[in-house]
Structure formats: structure tokens, C-alpha cells
Amino acid sequence: MAINPKKTDMEKQTPEKRVKNFDEVALGYKEAEALTEAARCLQCKKPLCVDGCPVSINIPAFIKLVAEKKYNEAAKKIKETNSLPAVCGRVCPQEEQCEIKCIVGKKNEPVGIGRLERFVADAERESGNIEKNVVKLPEKKIAKVVIAGSGPAGLTCAGDLAMLGYDVTIYESLHATGGVLRYGIPQFRLPKEILDIEVDYLRKLGVKIIVNVLIGKTITIPELFKQGYAAVFVGAGAGLPSFLGVPGENLSGVYSANEYLTRINLMQAYKFPETDTPVRIGNKVAVVGAGNVAMDAARCSLRLGAKEVYIVYRRSEEEMPARKEEIENAVEEGVKLHILTAPVEVLGDEKTGRVKGMKVIKCKLGEPDASGRRRPVIIPGSEYVMELDTVVSAIGQSPNPLIPQSMPELKIGKWGNIVTDETTGETSVPGVYAGGDIATGAATVIAAMGAGKRAAKSMDAYIKAKLKIN
Amino acid sequence: MFKIIKREDVSDTVKLIEVEAPLIASSAKSGQFVVLRLKEGGERVPLTIADKDKKKGTVTIVFQVVGKSTIELASFKVGDSIKDLLGPLGKATDFAGAKNIVCVAGGVGIAEIYPEVKELHEEGKIVTTIIGARNKALLFFEEELKAVSDAMHVTTDDGSYGRKGFVSDVLKELLEKDKTIDLVVAVGPVIMMKVVSDLTKNYNVRTIVSLNPIMLDATGMCGACRVTVGGKTLFGCVDGPSFDGHQVDFGELIKRLNQFKDEEKNSAEIYKLKCRECRENGH
Ligand SMILES: Cc1cc2nc3c(=O)[nH]c(=O)nc-3n(C[C@H](O)[C@H](O)[C@H](O)COP(=O)(O)OP(=O)(O)OC[C@H]3O[C@@H](n4cnc5c(N)ncnc54)[C@H](O)[C@@H]3O)c2cc1C
Ligand SMILES: Cc1cc2nc3c(=O)[nH]c(=O)nc-3n(C[C@H](O)[C@H](O)[C@H](O)COP(=O)(O)OP(=O)(O)OC[C@H]3O[C@@H](n4cnc5c(N)ncnc54)[C@H](O)[C@@H]3O)c2cc1C
Ligand code: SF4
Ligand code: SF4
Ligand code: FES
């Protein structure tokens, strides 16, 4: 039977409709679509796709179960290695990970692994099976461990350690769990209800989650060891926003993407004044940068009523780091791309200190730089002024410095990242492990989860060696 | 949830609450603050830790009723709970090496400066305290501060109590008279901190101010709180809230504080309307 060259389409809300709401854009496969897509998988004996998945999901096995309509079994199969499938199925950069390796992709479009993963996770949730699928764990625990931060790295590490028989406590500094999944990625890409259910699953595994605790300030890691915790995992993320470094960056109306998205997502400013935290959008918004963060900020702006939204990016469309799918979505919704354009100065009103525009300059591409991407070179004399009400800086985040500052013996790398052994998550301090964006700098959800997993495994080994358990 | 175990009216517009928060109480240092969120949907409000009791496991917060969240907080009673409370945040104030210190506070800054005066006093430093307010009714904590200060001065703008005039008037006289003053700490309205900093610059006396930029997470993650100090962009919540007053760009701070003025006003108006309704409905 000839294979269908195309991935089965997934229905989306139309652009005209979706820019007026915060509901999910992509609607997920229906059963028939999932079955069609599952049939495209060749069930490889040596599945290359699995190598591309940072948490090594047994992809052919779960797809086979889908083809057999054993959705609940498929969910259990995925959860053997991935505790957040509904999240990953939505936000994983599949096209660069599992799917890029898929053999079908050599000649045709690869199997829609992410879409199938999402389908399975949604089916499990909708049939109310999550509860039933919770594994019974022994009452008696091996030892107490702490996880600092409830982003994907922390949640995964916590889940795995709970399954291995540990008494796990997560401390989260914000008032809500999820890290970037909650405060960064908007509702229309990842509904918070789904995140809630996946976090709740961890609670059912016995994980204690305590919010409003900032490790390093409320309590320090050495104090935790004194309280009898056997090991600590730091998954504090890359929360420190970078600013443009041009004059005018502190004018009112210049936000970091973190501030902008946190106001909108975590604090639900889109419901203001029903909620108490405001955000001011204005009519014309420029978002500087072209990663997922930038696309999210741009698309939120449209949904909050901005008339014109621009992405300002100094390289070309080719180099944009965001997921292709999300760039397409943004453009469909009306976001305008000002590529090969770099900010020079944010202009403001003298009296109020509010943004009124941004001077930018055109660029062309020169030789490749260290990242292998072609370096933008400014074209002298090509400056022009964009009229704006709001500027969002989405040019990157670096690792959170708070925990390293409170623990000088923790070795820090060039970018303020905690130095770890990549395969074990060990830091320079015995018993302290780290992973995710705090160790690598801003990366991906699934990479953070992979790091959480590897750390859980080595923490288990470390604790058992120390307690002389085998 | 964080239970309120004490609630007082310090003045008409300034209220005090004592809240159960053992972890925060055991690690708080002077100059640090908390962020609280009253309930689901509420905003994150930064407030200074005015006092702490390690044994009881409580922190005291003194706040001025200015907008939606502080109006609502003022309606909380003993036994009620605050949904979220995070802290201690920010760096403890660094008084390094100072021996003869003048602490200047205005408005609700009087409560915020209390833990610092107390700490300096306990360390055996010479502390002169100047407090001021628009009028007598807005003054508080005089006795408490007197007990931990070597000398105490009080001013009111209208002369209804203490000396008529501004805190800076008294400070100027002290700086003229006493050349051994080696540090001034100023906490209060931005404009007061600016005036004090401008004044002490002439006398070349190191000055620490406690800034109150708009904050969101207050953990260094968003940059909402950024301030320009010595030409550099710093984050109020993690690099501060205390900074060298001679280096702060106060003009920028004032503008940034007005960023959401219309929205804040709107929110407070709606709340007041609703609140009247809920009172009439007997809730
Ligand atoms: C807007 C946006 C969109 C993105 N889109 C995608 C996408 O589509 N696909 C993708 O794969 N990746 C995406 N990413 C990247 C991805 O979200 C991150 O790489 C990932 O979340 C990192 O996980 P983490 O667990 O390391 O850290 P985070 O998710 O950053 O979580 C860290 C958590 O630790 C908490 N914390 C920090 N310090 C402390 C402390 N001292 N004590 C206690 N708690 C602390 C923080 O509050 C936070 O909750 C996006 C990122 C952003 C910002
Ligand atoms: C580190 C820090 C410590 C603080 N400590 C105290 C304290 O101990 N006691 C206290 O009463 N207040 C303190 N503040 C100020 C307090 O956070 C604000 O008064 C509060 O957020 C106002 O919230 P609201 O919803 O009631 O008013 P809003 O509706 O938010 O604002 C009402 C009015 O207050 C102004 N305003 C808003 N935010 C601030 C701010 N951060 N500082 C000054 N004015 C503001 C607005 O411009 C507006 O005019 C502190 C602020 C910071 C950053
Ligand atoms: S978790 Fe991500 S990389 Fe792994 S199979 Fe799912 S979509 Fe692919
Ligand atoms: S590589 Fe592609 S075809 Fe082969 S098992 Fe994986 S998903 Fe199926
Ligand atoms: S309040 Fe967000 S970084 Fe300071």
C-alpha cells in the first residue's frame, strides 16, 4: 500500500476567529484522523525517531497501540518515560526532534508523532483514565528529596523520583506551578487546565508541592540538607530577561517578554479589571526577536486588541529560531515581519516617559558567526522610525542567578549557568543536581524534561550508595 | 494560606497586620520585603517587612491604603488568610562601616525604616531619626522609633505636630552641625528620597534610599522593576531595594511608577463600587 506522502492535517481555529479569543488554536486529531496518521508509521525495527526524543519515548510501540485503538494502553506506554505527554504533544519542537529522524520523512512528510502523542494524552484525560492509571507506590519511602522549581525539568525529576520510591517535595517561588509552561506559553498554545491536570497527576503520585518558597532566600540549600533531605535538584530555569541595550529601553511601555507574558498568562491581565493586574498594549506593538517567545508575545498582543503587530528581527526569515508552525500561525493571524531590521533607539514622550516609536536600521546578512547562522551587518544610513505604543524585548533569557548567588560553592559557567555533568546532572556540590534551562540556558521543554529524568536516575544511585542500599 | 493574627489602624490611611509566616520570619533581615497576593486573581503586591518575630513565626507589615489591593487588604480581619506570601525578598541593607547615621522617613516609610533603625541601634551605632508627614494624623511609630534612636526629630508639613516643615530641613541643620555623620538612610515617597539625596550630595555624605518601583514577580524574572543607577539598568527586586541615592535616576523612576496609573484608578473605582454593593447586600 502506498504511503500517504502528507501528514494528516490537524484542524485549527480560523485566523479571523482565533485572534479574538485565547482558546486553543490547534484543535487536535479526531479518532479517524489519528488512525489514519498512525497507519503511516512503518513500525521500524530500529526506530530512528526514538533517538530524536530526549526522553526516548517508545514511539512505534505507542503508535501501534493507537492503530489498535488501545488508547489507554498507548497513554501508559508514553508515560513510562514521559510524565507530561499532553504538554509535549503541543509544544515540543517535534519537527527538529523525533520527527526529523523519522524514516518516512526521508521521502515524504514524517509521521506526525507529536500530534499522535497529543491525541493519546487528550484521549486519556477525556476518558477520565488519568486517575485510574496512577501507579500505587509503597508507603515507606527511601529518603527525602527536594526539587527547586516546578518547570518541566523539576516536574519530571519529581515524578521520576516519586516512582522510584522517594518522598519528594517541590518548592516553587511563584504562586503557581509549571514555570514557563504557566507564565510564558500562552493559553492558546497550551491551555492551563491541561497543565493543571498533569501537575495534579504528580500530586497523586505523592509529590508535595509547596508554592511561595524562593530557594536561596526563604530557605537555602545547605539548610535543606540540615533538615535531612538527601539530595536537591535545581530546576530554576532561565528567567533572567535580556534587554535591548539601546537608549530608551526603560521607557514606560517597554516590556521584557517575561513581564509581558507573565502579566497576560500568569496574572491573567487579559481579564483586567476582573483580575487586578493590568497590562497596556496600545495600537501598535513591536516585538524584538523571532523565537517562540517573540511569536507568543506578538500573538498575545493581537488578541488583546493591538491593531498592528510587528516582529523586528535582525536576520532573515530563514534564521528565525521559532517553530515553523508558530511563525506560520503568527503570520496567518496578521503579525507583520520586519526582518533584517535592528533596533537603534526607543523613542519616548519627554513628559510622560511613554514609548512613541522606535528608530531601527536595516541589515544585510554577512559571514556565518559562531552559531553557524549568517551574521547581520547594518546598512549605514538606512535608519527609519516606526511609530509604536509598545515595545517588547524578546531577545533571550539567561539562567536565574538567585540560587548560585546564595551558594558560592556552586560552580557557574560563562553565561551564569550552573555547571553540570550533562549525563548525570551532578553539580560541583555533592548531592546537588541541576538541569533544564538553569544548566543549558534557554532551550526546550523536552530538553528540560530529559535533564530532569537523567538527574532523577543519578540522584537515586547517589542516595542508594550513600545509604548503602542496593 | 497565611493567617492574620493581628490587625491595627496605625492612622486613618495606614494599617498594620501581623501574619503567620514562620519560614519568612526566620530568615528575614532588615530592608527586605515580601510579595503578597490576597486571593485568586489578585495582583502581587510588594510590602516591606516592618518587623518579625522568630519565636512566634510572624512578620508585621505596615501599609498605606492607596489603591485596589491595599483597600482590599485593609478589609481583612484577624483570622482571615492571605492566599500567597513570598519572602524575604531583596538584599538586606548594607550599612558597611557607618558609625553615625541619620535615618530619614516620610509617610509609610516610617514603618519601613523601623527595622533598620532597630538593627543599627542594636549594633551600637549612633542613630538619629527624623520622621515627617503631611499632618499629625498621618504620623505613627514615634514612640517605637524613639526607643531605638539616640535622638529623634518630628516634622509636619502643616505644623500640626512637631516642627513645621520637611524632614530635609532638619537633615540640613544636622549636616551643618555634625560633620561626623557618615551615612544617611532615606525611606519614603520618591520625591522625598530625591530631595534628601540632592541635599546630602552637597555634603558628600553616603546616602542609601529604598526604592519602590512597580514589581511583578519580585524574584528577578521580569524586569518590571528596573531602575537606572549610576547609568546602569538594575532590578529593584533583586539588586535592591536599597541603592546609592546619589546614583539613582529618580526622574525615570517617577515616570515608570505612573505607567499604569489609569488602569489602577479604574480598578480601584470598580472595586469601591462593588464593595458598596456587597455591603448593601449584607455580605
Ligand atoms: C514564551 C515562551 C515560549 C516557549 N515556547 C516553547 C515551545 O513552544 N516549545 C519548547 O519546547 N520550548 C519552549 N520554550 C522554552 C521552554 O519553555 C523552556 O526551555 C523550559 O520551560 C525550561 O524548563 P525548566 O524546567 O528548566 O525551567 P522553567 O520552565 O523556567 O521553570 C523554572 C521554575 O523554577 C522556579 N524558580 C526559579 N528560581 C527558583 C528558586 N530559587 N526557588 C524556587 N523556585 C524557583 C520558577 O518560578 C519556575 O517556575 C518557551 C519559552 C518561553 C519563555
Ligand atoms: C520593595 C517595596 C516595598 C514596599 N513597601 C511598602 C510598605 O511597607 N508599605 C506600603 O504601604 N507600601 C509599600 N510599597 C508600595 C506598595 O507596594 C504599593 O503601594 C502597592 O503596590 C499599591 O497597590 P494598590 O493596588 O493598593 O495600588 P495601585 O492601584 O497599584 O496604585 C495606586 C497608586 O499607588 C501608586 N503606586 C503603585 N505602585 C506603587 C509602588 N510600588 N510604590 C509607590 N507607589 C505605587 C500608583 O502610581 C497609584 O497612584 C512597597 C513597594 C516596593 C516595591
Ligand atoms: S516528547 Fe517531543 S520529542 Fe519526544 S516523541 Fe514526543 S513530541 Fe517527539
Ligand atoms: S521512524 Fe517513523 S516510521 Fe519508523 S517507527 Fe518511528 S515514527 Fe514510525
Ligand atoms: S519585579 Fe520582576 S524582576 Fe523585579
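Throughout, protein chains are lettered first and strands after them, A, B, ... in sequence-line order, and every chain is numbered starting at 1.
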For this session: Evaluate the side chain to side chain contact (heavy atoms under 4.5 Å, CB included) criterion for residues B/Arg37 and A/Met267: first the C-alpha distance (whole Å), next the side-chain angles of each, then the deciding distance (0.1 Å), finally the verdict.
Result: CA-CA 11 Å; B/Arg37 204 173 69 114; A/Met267 306 311 294; 4.2 Å; yes
Please round to the nearest 0.5 Å and tell me the distance separating atom [atom1] of [X] and atom [atom2] of [Y].
{"X": "B/Leu85", "Y": "A/Thr218", "atom1": "CG", "atom2": "OG1", "answer": "9.5 Å"}
{"X": "B/Asp84", "Y": "A/Asn212", "atom1": "CG", "atom2": "CG", "answer": "4.0 Å"}
{"X": "A/Thr275", "Y": "B/Lys39", "atom1": "OG1", "atom2": "NZ", "answer": "10.0 Å"}

For this session: Give, as side chain, backbone, both or neither, the part of B/Asp262 having an atom under 4.5 angstrom from any heavy atom of chain A.
Result: both
For this session: Pick one of side chain, backbone, both or neither for B/Gln32, based on which atoms fall under 4.5 Å of a heavy atom in chain A.
Result: side chain
Exercise. Should the heavy atoms of other residues, nucleotides or ligands under 6.0 Å from CD of A/Glu350 be counted, would the total exceed 12?
Worked result: no
Under 4.5 Å from a heavy atom of chain B, the part of [X] involved:
{"X": "A/Leu402", "result": "side chain"}
{"X": "A/Glu249", "result": "both"}
{"X": "A/Lys271", "result": "neither"}
{"X": "A/Pro273", "result": "side chain"}
{"X": "A/Asn400", "result": "side chain"}
{"X": "A/Val279", "result": "backbone"}
{"X": "A/Leu251", "result": "backbone"}
{"X": "A/Phe272", "result": "side chain"}

Exercise. Cut-off 3.5 Å, side chains only: do B/Asn258 and A/Thr352 have a donor facing an acceptor?
Worked result: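 Short answer, no.
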Exercise. Between the side chain of A/Lys217 and the main-chain N/O of B/Ser27, is any donor-acceptor distance below 3.5 Å?
Worked result: no
Problem set entry | A/Arg354 side-chain N/O to B/Lys255 backbone N/O, donor-acceptor pair under 3.5 Å | no
Look at [options] and state which one has the largest set of heavy-atom pairs under 4.5 Å with chain B.
{"options": "A/Asn250, A/Leu214, A/Thr277", "result": "A/Asn250"}
{"options": "A/Ala269, A/Gly239, A/Ser252", "result": "A/Ser252"}
{"options": "A/Ser393, A/Gly353, A/Pro241, A/Pro401", "result": "A/Pro241"}

For this session: Under the side chain to side chain contact (heavy atoms under 4.5 Å, CB included) rule, what do A/Asp276 and B/Tyr271 come out as? Steps first, then yes or no, please.
Result: CA-CA 10 Å; A/Asp276 294 342; B/Tyr271 179 71; over 6 Å; no
Seminar exercise, completed: Expected contact set for residues 210-226 of chain B against chain A at heavy-atom separation under 4.5 Å reads B/Ile214, B/Leu216, B/Asp217, B/Thr219, B/Gly220, B/Met221, B/Cys222, B/Gly223, B/Ala224, B/Arg226
Exercise. Where does the angle between the aromatic ring planes of B/Phe260 and A/Tyr255 fall among parallel (under 30°), tilted (30 to 60°) and perpendicular (over 60°)?
Worked result: tilted
For this session: Return the option, out of B/Arg44, B/Glu264, B/Glu252, with the maximum number of heavy-atom pairs under 4.5 Å with chain A.
Result: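 Max contact count across the listed options: B/Arg44.
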Exercise. Just wondering, do B/Glu263 and A/Arg280 contact through their side chains at under 4.5 Å, heavy atoms?
Worked result: yes
